[in-house]
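Remember, it's 1-based here, ligands and their atoms both numbered in the order they're listed. Keep in mind that what you see is a predicted model, and the values were worked out from it rather than measured.
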Amino acid sequence: MNAAKVEENMRVPRFVGHGKIEFGHKPVPRPGPGQLLLQVHANAVCGSERRQFADGTTITPGHEAAGTVAAAGPGTHTTVGTPGVVYLMLFCGSCRSCRAGFTNQCLNKQGDMGFNRDGGYGPYELVPEVVFFPVDADTGAADATLLLDIMGTGGHAIERCRMVRPDIESLLVMGAGPIGLAILAMAKIILGQALPVIVADVVPYRLKLAEQLGGLPVNVATGSLEDGLKRHGHFPVDVAVDTTGKGAARQGALNALAQRGALICVGHGEGLNLQISSDIIAPERSIVGSEYFRYNELSANLPRFREHRSYLKQIITHRFGVAELQHAFEVFFAGATGKVVIEQ
Ligand SMILES: [Zn+2]
Ligand SMILES: [Zn+2]
């Protein structure tokens, strides 16, 4: 095993349930064949951790990690000291989906980092080399996390939009949380700065952030979605992306779609009522799911990251040390943040 000097034990947060995070100790794992030991420098907080925070978990959460390789197990080819990020899904690499590049739809998925494998809120994380993605030495760990749920999930949703609607002239994003902001930002980067992107939410802080990133804000707490879209001169819209998971938001987005329009569902959660004839068949609309992203989208996004780093960085609004993890989660789930990053 190739290794920098690594401690025997590490202090890790324990999510004990009822919104409480305590700290305990675990042995620092040693990388086996095909595995890397990552010294974690940053891990971004995600809305999908709500249940772990509320209910507790025996594993160490954190699925948006960036750090440097501290030790490399047998059969690996990554050099100790290499900086990089960790892809969430432990894909098999050999099933029909993986062979075609759809690693986010692996038919033999082994698990999810930070959900059923120890993740990135501890100082070290054991990472199968196949889910490690190296980045430039000067990237900075907090910024590198942007390649994951922000650029990855955001960019994948835009790819899903284009698949069913090649000529997008207006885009509506439901929800201005981190994923909503991610879709706004990746729409601007991939589809062009001139594309009007309307962003609907109920939290003024988040709408302000969306505006700062070039979005057209609609506060649906103080008026209707349709009126907001009309005020900006964009009703109906070509494509809508729902990040909220709320049935009412999806319904509103569907009703705002033009003919040939597409609704892309990114946020898990509630349902949607469809009148198949009038909602789908006659106007030839599409409803499409978008789940995380494919591993090889990381390399497609790396040049975009280099070019648009200072723009994308605006999505990170709060940074905390790992000792402040409890406070960081409370601040994040109170709703008035962009992306929150934990650094160590
Ligand atoms: Zn996430
Ligand atoms: Zn597979």
Metal-centred angle, the Zn ion (ligand 2) as apex - SG of Cys98, SG of Cys95, 10° resolution
110°

Can you tell me, to 10 degrees, how wide the angle at the Zn ion (ligand 1) is between SG on Cys46 and NE2 on His63?
110°

For N/O/S atoms only: which one belongs to Asp149 and is nearest the Zn ion (ligand 1)?
OD2

Where is the tightest heavy-atom contact between Phe53 and Phe333, given as atom of each residue plus distance?
CD2-CD1, 3.9 Å

Just jot down the salt bridge (charged side-chain N to carboxylate O under 4.0 Å, His left out) partners of Arg309, sequence neighbours excluded, or say none.
Asp143

Taking side-chain hydrogen bond (donor to acceptor under 3.5 Å, both in side chains) as the criterion, tell me which of Gln105, His156, His268 meets it with Glu291.
His268

Looking only at N, O or S atoms in Glu64, which is nearest to the Zn ion (ligand 1)?
OE2

For the pair Phe320 and His318, name the ring-plane relationship: parallel under 30°, tilted 30 to 60°, perpendicular over 60°.
parallel

